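Here the structure is laid out as structure tokens; the discussion comes afterwards.
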Amino acid sequence: MDQDVAAKEQPRYIKLNERDNVAIVVNDFGLPAGSRFACGLTLRAFVPQGHKTALVDIAEGAPIIRYGEVIGHALAPILAGEWVDEARIRMPEAPALDKLEISTAVPAPLPPLEGFTFEGFRNTDGSVGTKNILGISSSVQCVKGTMEYAVKRIRAELLPKYPNVDDVVPLTHAYGCGVAINAPDAVVPIRTLQNIAQNPNFGGEILVISLGCEKLAPERLVPEGVSDAIVRMQDEAFDGFGAIVDAIMTQAEARLKILNKRTRETCPAADLVIGLQCGGSDAFSGVTANPALGFAADLLVRAGATVMFSEVTEVRDAIQLLTRRAINEDVGRALVREMAWYDSYLARGGADRSANTTPGNKKGGLANIVEKSLGSIVKSGSSAITGVLAPGERATQKGMLFAATPASDFICGTLQLASGMTLQVFTTGRGTPYGLAAAPVIKVATRTELARRWKDLIDFDAGGIATGEKTIEETGWDLFRLILDVASGRTKPWSDRWGIHNDLTLFNPAPVT
Ligand code: CA
């Protein structure tokens with residue numbers, strides 16, 4: 001035991017690729033000047049945990065290399081053992097989109113993985129949910145308060161009668177009126193609302209609460225062939241608020257009766273639709289949690305599941321590594337199309353990709369978006385990229401998909417729900433209480449110190465990879481098994497145990513009026 005503690009207190013760094021000329025300090029709370037590593041390198045300054053030190057002298061203008069890739073150039077000479085913080089690095093240009101290699105390094109199909117199952121709720125359209133929820137849609141923000149009032153009563157008065165139903169969730173949002181509904185980019189929020197209502201966790205039961213005079217006609221949120229799915233508050237048949245709430249409750253109860261007949265059944269892991277995301281990243285994200293998640297993602301792909309990674313601004317600077325993995329020319333072009341769309345979206349707003357990194361990312365040791373991206377795309381694993389979804393499009397393919405979304409945690413979560421995601425795995429270095437009401441979220445810590453401190457918010461600790469206690473493979477397998485347990489309802493993630501969930505947040509790139 002004592003030996004173990006002493007061993008951990010040895011100054012340690014992680015170098016990821018033999019080309020790297022910087023490495024990150026592993027020890028909790030960082031290391032003081034004078035700390036001497038086993039290789040003989042001595043720190044010339046304090047280096048916080050997760051931050052980089054130079055392994056060799058780096059000349060002014062020379063490349064700074066991590067993950068075997070250039071993350072920037074030295075603004076002034078850097079000596080071995082110095083702290084390489086973001087102020088010392090000039091960020092390189094993003095890779096040009098017209099010069100990318102497409103499908104030049106398509107990974108061979110991974111060996112199939114048989115025999116892994118989970119207990120899910122099978123729907124008539126063949127999709128499978130991980131929860132059994134009544135989701136109530138809304139066509140405009142005006143009805144939000146009414147919906148929340150009604151849902152409070154549904155939870156208290158109706159839900160206890162239908163024990164197979166997990167929850168009632170109001171799908172409220174800020175869209176629906178005061179917006180340029182016919183602008184070309186309005187397709188994004190509208191498609192998102194249409195597809196969220198059909199998320200497999202809602203069992204195909206559609207109910208839309210409408211005001212009546214809004215721009216987004218509620219009929220647009222009801223799939224073809226579904227009738228009697230709209231309650232309009234301005235309907236002249238309603239005499240007062242009480243009558244409106246009664247109508248919502250009557251419609252809700254009719255659906256609860258149907259949903260209550262759903263029970264979990266054994267389904268192949270191929271029926272899973274898993275979303276991957278990171279938030280509050282640090283320099284360990286790309287060393288521990290994301291590589292473990294990438295390994296788990298490969299297992300899911302091998303089992304035949306659908307897996308999606310997202311966050312355009314976090315893949316943009318590593319796009320040259322992804323287009324090579326595109327399974328064919330069409331998928332590669334679609335990746336480029338989504339990057340180009342986002343470049344112009346940012347340019348319209350007078351921003352660029354450097355707007356992505358947060359003060360917390362930098363405090364966690366990420367110098368810039370290039371370094372963050374290289375650590376982020378690791379979670380996509382090593383399989384071919386088999387499809388690309390525009391924001392809010394529904395996934396129809398198996399394998400590793402790129403679902404284009406902003407990196408904003410809640411917007412990414414909302415868009416992945418629209419794409420049909422039934423469980424999300426979320427890696428975090430800084431820590432976040434993030435959760436979604438519509439699908440379970442497994443939160444994975446990049447560092448053991450965070451997992452210990454947030455023992456009742458973090459579901460999985462990937463930090464053992466940094467301390468050498470566990471391998472990426474072992475951690476990836478453990479995470480894969482946890483995904484099957486959570487999808488089966490056997491294990492509840494902390495955000496569901498506390499009932500803490502973020503709002504649905506639509507991505508509306510179109511003008512408001
Ligand atoms: Ca994010």
Side-chain angles (χ1 to χ4, degrees), residues 50 188 192 274-294 297 307-319 322 338-339 342 345-346 351-366 368-380 389 391-392 401-419 421 423-447 450 454 457-460 462 493 495 500-509:
V188 175
T192 303
I274 305 293
L276 314 180
Q277 205 201 157
C278 45
S281 299
D282 69 0
F284 284 105
S285 298
V287 178
T288 61
N290 289 347
L293 182 51
V307 188
M308 56 182 93
F309 72 113
S310 292
E311 305 179 279
V312 173
T313 51
E314 284 176 22
V315 309
R316 175 66 181 86
D317 281 82
I319 189 64
L322 296 175
E338 292 305 324
M339 298 301 120
Y342 218 93
Y345 167 71
L346 287 176
D352 66 28
R353 69 211 215 279
S354 66
N356 174 297
T357 38
T358 66
N361 292 154
K362 290 183 175 168
K363 203 171 165 218
L366 291 173
N368 58 38
I369 187 60
V370 182
E371 187 178 15
K372 188 173 171 180
S373 299
L374 291 166
S376 176
I377 66 161
V378 179
K379 61 185 178 306
S380 67
L389 305 173
L401 313 182
F402 179 71
T405 77
S408 155
D409 296 352
F410 353 96
I411 297 181
C412 173
T414 302
L415 288 169
Q416 287 190 347
L417 285 172
S419 296
M421 175 260 285
L423 183 153
Q424 196 179 47
V425 186
F426 190 107
T427 63
T428 180
R430 308 292 302 162
T432 167
Y434 173 88
L436 296 170
V441 177
I442 296 173
K443 284 203 296 297
V444 177
T446 66
R447 296 172 297 123
L450 171 65
W454 275 22
L457 286 167
I458 296 293
D459 301 290
F460 187 89
S495 57
I500 48 174
H501 298 131
N502 289 92
D503 286 341
L504 290 181
T505 312
L506 291 180
F507 181 35
N508 178 19

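The shown structure was predicted, so the numbers you read here are calculated from the model rather than taken from an experiment. Just follow the structure's listing: the first ligand is 1, and inside any ligand the first atom is 1.
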Atoms of the protein (N/O/S only) found under 3.0 Å from the Ca ion (ligand 1): Gln277 OE1, Cys278 O, Glu311 OE2, Ala407 O, Asp409 OD1
Check: Arg447 side chain, Gly429 main-chain N or O, donor-acceptor pair, under 3.5 Å: yes
Val315 and Phe309, any side-chain heavy atoms less than 4.5 Å apart: yes
4.5 Å side-chain heavy-atom contact, Leu346 and Thr313: yes
Output side-chain donor-acceptor pairs under 3.5 Å for residues 402-410, partner residues at least two apart or in another chain, one line each.
{"unit_1": "Thr405", "atom_1": "OG1", "unit_2": "Glu311", "atom_2": "N", "d": "3.2"}

Donor-acceptor contact present, side-chain Thr288 to main-chain Ser285, <3.5 Å: no
Plane angle bin for Tyr345 and Phe507 - parallel if under 30°, tilted between 30 and 60°, otherwise perpendicular: perpendicular
